[in-house]
Amino acid sequence: MKNNLKKPYNPQKIEKKWQNFWNKNNTFKAQDFSKKKKFYCLDMFPYPSGEGLHVGHFRGYTFSDIIAKKRLMEGYNVLHPIGWDAFGLPAENFAIKTGINPAVSTKKAIKNIKNQLFLAGFGYDWDREIATCLPDYYKWTQWMFLKLYKAGLAYKKKAPVNFCSSCKTVLAREQVINGRCERCNTQVEKKFLEQWFFKITSYADRLLDDLDLIDWPEKIKTMQKNWIGRSEGIEIIFEIDFFDSRFNLPVFTTRADTLFGCTYLVLAPEHPLVESLIKGKKNSSFPLGKSTIENKKEIEKYIEKAKSKTEIERLAEEKEKTGVEVKGIKAINPVNNKEIPVFIADYVLPEYGTGAIMAVPAHDQRDFLFANKYGLEIIETIKPINETSVFPFEEDGILTNSGVFNGMDSSKARKEIANYLIKRNLAKESVYYKIRDWLISRQRYWGAPIPIIYCQKCGELPVKEKDLPVLLPKIKDFKPTGKGKGPLAKVKSFVEVNCPKCNSLAQRETDTMDTFVCSSWYFLRYADPVNSKEFASKKKIKHWLPVDFYIGGAEHAVMHLLYSRFFTKVLKDLKLIDFDEPFLKLFNQGTVYRQGVKMSKSKGNVVTPAYIFEQFGADTMRLYEIFMGPADQATEWSDKGVVGCYRFLNKVWKLREKVKSKNNQKPNQQLHKTIKKVTEDIEHFRFNTALSALMILINQMEKEKEPALSDYQLVIKLLAPMAPHISEEIWQSLGNKQSIFLEEWPSYDEKIIKEEKVILIIQINGKVRDKIEVEAGISKTDAEKKALAREKIKKWTEKNKIKKIIFIPDKLINIVV
RNA sequence: GCCGCGGUGGCGGAACUGGUUUACGCGUACGACUCAAAAUCGUAUAGGAGCAAUCCUGUGUGGGUUCGAAUCCCACCCGCGGCACCA
């Protein structure tokens, strides 16, 4: 073998060494109260599944690690922690299958994943590791619950909820995807159950408005905006003519401009008016229906049918509208006193608005379908501008058939009609939201118990703070019962407790909290992870928070990211923290695909980090994670592509033998350009192009006869955040005594970057025909002369007349003939 | 249906605010080294015509604006992600 290398690049040999070195020397440990500027860099903490992480999971962690390490070299005091989102269904389901306690299997999974992350060379502050399933942690989750409870933001209510028959628990609305359970894809059922909620709805406006304060991807902001779903409009009072009395029915609309086109009203089957008219349920707002409703039986039948529909059936029947008229009552359109019929139909939702709508078939798709089916009147009141009318026309236009409002445009008419009604006390301004309160109770075992006690005498009582945590008991039978109560209800020693008020025998709440509650505040705990007196000391929170940079998957857009913002605002209002938004900047890494589908265990297309570590080392994996493509875009993992990054590292390694410690040579322009590019590209998450710039530089230095040692050292620094092990090895082998991460990030000189000569492109009619090298800053006339003197150009200019010459300084000259 | 993102070689992808399309890497072909292979190094690599200089065509499709368009505008097709009877 002619290999003249003294030592070939052997990642297996060097990587372990430096991982231990950094660990021993606390290289990546965050300093509380350092005088340096702080930088809090956070990854969405992993769920410790037994399967461990695959290379797809490592992409986001690699990005944040590069940023954290660069910041460290730039002189920041960096907090880059990691922990475990350790409660939750998968561990529990695994426990049910195997009989192994989730505490045991989770601990094992954590150990495994921790090792995976350690071997990748990620610079976490391991002293701040947290796990949400440990009593030290969930004590404070329970404490947070009590804070919300005392602030009136946690309450128990009987409500229609989503129930998963496979997971045997209720779910939050955010966890129902297309009528199916987010976890197991089972169709959810609607049930009417008493459950715990957090009042996220009372923060709807702030959650919406404060999106302007944060640097997040527009996509996520839009998703949150849509989820919150704020609609401004008015509630219009329709008088209902009923037997010998009259009463008011409020209806919400955002389209007051279409009021003259309202030809009927529709009530949700669950509307209280229906209940009082048909079922005789007492209600202060509405009279009891006596025998005046002519088709009571028909209505009852319809309601019964509507209720039995599952979520999926309702979605499937989206286009097919059904309903039934309430015969015996009429409504009065307040704007023209027209009598119109009232219907009951399940396309009107009970939970939104007032549960009743004014139907305008000419200008609403759903009303149009319904009106057509039941032969109801359709009156056009909005005419499109410069178009012929096609029903339903849902855009803004010019009013017609609308009395004194004729000829107005929609937006003006909305205000005018609203004012007209408000003045006469027939309407009021109103805002409705799509977002619902967050259902947080779960009838499951593996979660933080809800700290509430029920006493027969004293009623519902919060556990005293001093009695926290309410420990999750170790039990053998984790199986959910599916009968409205979780497995904890079977544990007598857990359930039976003395009433904190009267000391008589009482019962604990046996539901546990949604794991998203645990993850709604974990970023605060990293500031002070072992505090047993507070969830974190105020001083430390003030020092570290808010998070400067947060990275994770986009799938948490309306769950974790919304919940965490909600928690932050609540804690701010309770004066426990003093900032409004938890994550100043958010970045979503792109998903990793392989063989055309998202990499996942269930698809059977995962590549394990261990395999890559063995074959090429952690540095190669890190480089490939970033080289694959733009950081925020989904991209395909190529087994063959990985090797390119390995070859690059080998080149870097071999270059060490070639560099000469010769000084005072002329500054390396390419190097300065690369420093600039790498510095800026990392700032903008363009890791792929940063790395390609380093490749270009290394290729060039390889070709030089005597590349300078000082240049080489700078290149190694640029490479260090991306490929830390090889960089540290080379750095210290060159006689440097301290870690490369304690060194300064390289700077560049704009003067050196500035080109003296530039390539000027010569175009004929916008097509490239020639190129010449010229002095930078050449004038238009000089450039013209030089260009026209070229043989290749003469060919074109001799035959044709020159019409125009366009000159872009230092770039191109375009001759139009 | 609505909202958002995307469509560039055989593949992953470059191309800054309109100015050399295909950087960097993979793959492929040929060559060097080798008894041989691997590794490594070198050369080539959008398609088409030509011995060649050179020319033509090319950034999903069709139009437009411009001296000049992957980039801007209009219409459409395809893929991905989100929302989904929200009045």
Side-chain angles (χ1 to χ4, degrees), chain A residues 1-3 5 8 177-179 217-223 225-227 229-231 233 251-255 258 266 268 314-315 317-321 345-349 351-360 363-367 369-370 432-436 554-555 557-558 588 590-591 593 598 623-624 627-630 632-645 647-648 650-651 654 677 680 686 688-696 699 702 759-771 792 795 803-808 811-817:
Chain A
M1 207 161 94
K2 265 188 128 185
N3 195 337
L5 280 180
I177 314 289
N178 284 331
E218 274 313 310
K219 186 187 156 185
I220 303 289
K221 286 193 185 182
T222 307
M223 280 167 75
K225 271 178 205 161
N226 291 342
W227 189 259
R230 182 185 157 104
S231 281
V251 155
F252 177 66
T253 182
T254 55
R255 289 300 299 273
T258 64
V266 189
R314 281 184 74 154
L315 289 172
E317 289 170 11
E318 205 173 298
K319 292 257 151 59
E320 181 69 29
K321 305 282 177 269
D346 67 0
Y347 79 89
V348 173
L349 306 173
E351 313 103 57
Y352 189 79
T354 61
I357 62 151
M358 57 175 233
V360 185
H363 305 296
D364 182 281
Q365 173 75 25
R366 297 150 300 181
D367 299 341
L369 289 171
F370 190 84
Y432 278 97
Y433 303 87
K434 284 189 203 172
I435 193 170
R436 292 289 105 84
E555 66 273 17
V558 294
N588 299 121
T591 321
Y593 282 68
K598 192 173 164 174
L623 290 194
Y624 187 64
F627 193 61
M628 287 165 77
D632 59 349
Q633 256 165 250
T635 183
E636 174 85 17
W637 176 278
S638 151
D639 296 336
K640 283 185 172 165
V642 182
V643 88
C645 293
R647 285 184 190 144
F648 167 69
N650 271 288
K651 284 187 194 177
K654 283 187 208 162
K677 181 150 179 69
E680 291 175 358
R686 296 189 294 245
N688 52 333
T689 51
L691 178 53
S692 95
L694 281 173
M695 286 175 169
I696 292 167
N699 287 345
E702 213 184 17
I759 304 282
L760 195 71
I761 306 302
I762 307 174
Q763 295 183 334
I764 304 289
N765 292 344
K767 285 196 175 173
V768 180
R769 297 296 176 188
D770 202 1
K771 308 167 191 189
K792 282 183 193 168
K795 225 171 72 187
K803 276 193 203 159
K804 198 176 177 185
I805 294 179
I806 286 137
F807 176 68
I808 309 290
K811 273 217 172 119
L812 65 74
I813 182 159
N814 185 14
I815 300 160
V816 187
V817 296

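Lettering follows sequence order; numbering is per chain, from 1.
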**Q** Between B:C67, B:C3, B:A87, spot the one nearest the side chain of A:Thr253, thanks.
**A**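 Looking only at heavy atoms from C-beta outward on A:Thr253, the closest nucleotide is B:A87.
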**Q** Does B:G81 have its OP1 or OP2 closer than 4.0 Å to a side-chain nitrogen or oxygen of A:Thr591?
**A**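 Result: no.
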**Q** Does B:G68 have its OP1 or OP2 closer than 4.0 Å to a side-chain nitrogen or oxygen of A:Asn765?
**A**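 No, outside the criterion.
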**Q** Look at A:Lys767 and B:U57 and indicate whether a side-chain polar atom (N or O) is within less than 4.0 Å of OP1 or OP2.
**A** yes
**Q** Side chains of A:Asp364 and A:Phe370, heavy atoms from C-beta outward: is any pair under 4.5 Å?
**A**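 They are not in contact (no side-chain heavy atoms under 4.5 Å apart), so the answer is no.
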**Q** Assign A:Lys811 to base, sugar-phosphate, or nothing according to its heavy-atom contacts below 4.0 angstrom with the strands shown.
**A**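 Base, at least one base atom sits under 4.0 Å.
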**Q** Taking for each residue the nucleotide of RNA chain B bearing the nearest heavy atom, is the 5' side occupied by A:Glu702 or by A:Gly644?
**A** A:Gly644
**Q** By nearest atom, which of the nucleotides B:A87, B:G25, B:A14 is closest to the A:Ser231 side chain?
**A** B:A87
**Q** Please determine if a side-chain N or O atom of A:Lys804 lies less than 4.0 Å away from the OP1 or OP2 oxygen of B:C67.
**A**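 For A:Lys804, the contact criterion (side-chain N or O under 4.0 Å from OP1 or OP2 of B:C67) is met.
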**Q** Could you measure between the two C1' atoms, the one in B:C76 and the one in B:G7, and give it in whole Å?
**A** 14 Å
**Q** A:Lys771 side chain: which of B:U40, B:U20, B:C67 is closest?
**A** B:U20
**Q** With a non-hydrogen cut-off below 4.0 angstrom, is A:Ala634 in contact with a base, only sugar-phosphate, or nothing?
**A** sugar-phosphate
**Q** If the P atom of B:A46 is compared with that of B:G79, how far apart are they to the nearest Å?
**A** 30 Å
**Q** Spell out, as yes or no, whether a donor-acceptor pair under 3.5 Å connects the side chain of A:Asn765 to the backbone of A:Val817.
**A** yes
**Q** Fit a plane to each ring of A:Tyr432 and A:Phe252, take the angle between them on a 0 to 90° scale, and name the class: parallel (under 30°), tilted (30 to 60°) or perpendicular (over 60°).
**A**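 Taking A:Phe252 first and then A:Tyr432, their aromatic rings stand perpendicular (interplane angle over 60°).
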**Q** It should be established whether A:Asn699 places a side-chain nitrogen or oxygen under 4.0 Å from OP1 or OP2 of nucleotide B:G25.
**A** yes
**Q** For A:Arg647 and B:G27, is the shortest distance between a side-chain N/O and OP1 or OP2 below 4.0 Å?
**A** yes
**Q** Less than 4.0 angstrom between a side-chain N/O of A:Ser638 and OP1 or OP2 of B:G25, yes or no?
**A** no
**Q** Just the rounded figure in Å: distance from P of B:C80 to CD of A:Glu555.
**A** 18 Å
**Q** Taking any heavy-atom pair under 4.0 Å as a contact, classify A:Asp367: base, sugar-phosphate, or nothing.
**A**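 Nothing, no heavy atom under 4.0 Å.
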**Q** Assess whether one donor atom and one acceptor atom, taken from the side chain of A:Lys321 and the base of B:C85, lie less than 3.5 Å apart.
**A**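 Checked by distance alone, the answer is yes.
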**Q** Base, sugar-phosphate or nothing for A:Asn814? Non-hydrogen atoms, less than 4.0 Å.
**A** base
**Q** When we call it a touch if two heavy atoms are under 4.0 Å apart, what does A:Ile761 touch: a base, just sugar-phosphate, or nothing?
**A**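 Counting heavy atoms under 4.0 Å across all strands, the contact made by A:Ile761 includes a base.
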**Q** Measure from the side chain of A:Val816, starting at C-beta and using heavy atoms only, and say which of B:C55, B:C67, B:G81 lies closest.
**A** B:C67
**Q** Could you tell me whether A:Lys651 contacts a base, only the sugar-phosphate backbone, or nothing, with contacts defined as non-hydrogen atoms closer than 4.0 Å?
**A** sugar-phosphate
**Q** For side-chain hydrogen bond (donor to acceptor under 3.5 Å, both in side chains), just list the numbers for A:Asn699 and A:Lys651, CA-CA rounded to whole Å, side-chain angles, deciding distance to a tenth of an Å, and then say yes or no.
**A** CA-CA 8 Å; A:Asn699 287 345; A:Lys651 284 187 194 177; 2.9 Å; yes
**Q** Here's a test of your reading of the structure: between A:Leu812 and A:Glu218, which maps to the more 5' nucleotide of RNA chain B?
**A** A:Glu218
**Q** Looking at the angle O4'-C1'-N9-C4 for a purine or O4'-C1'-N1-C2 for a pyrimidine, is B:G9 syn or anti, with syn meaning within 90° of 0?
**A**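 Syn, angle within 90° of zero.
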**Q** I want to verify a distance call: between B:C83, B:C24, B:G27, whose nearest atom is closest to the A:Val643 side chain?
**A**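 Nearest listed nucleotide: B:G27.
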**Q** Indicate, yes or no, whether a donor-acceptor pair under 3.5 Å links the base of B:G19 to the side chain of A:Gln763.
**A** yes
**Q** Classify the nucleic acid contact of A:Trp637 as base, sugar-phosphate or nothing, counting any heavy atom under 4.0 Å across all strands shown.
**A** nothing
**Q** Report yes if at least one side-chain N or O of A:Arg769 is closer than 4.0 Å to OP1 or OP2 of B:U20; otherwise report no.
**A** no
**Q** From B:A87, B:C3, B:U21, pick the nucleotide closest to the side chain of A:Val768?
**A**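 That would be B:U21.
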**Q** Between B:A87, B:C26, B:A84, which one does the side chain of A:Lys640 approach most closely?
**A**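 Selected nucleotide: B:C26.
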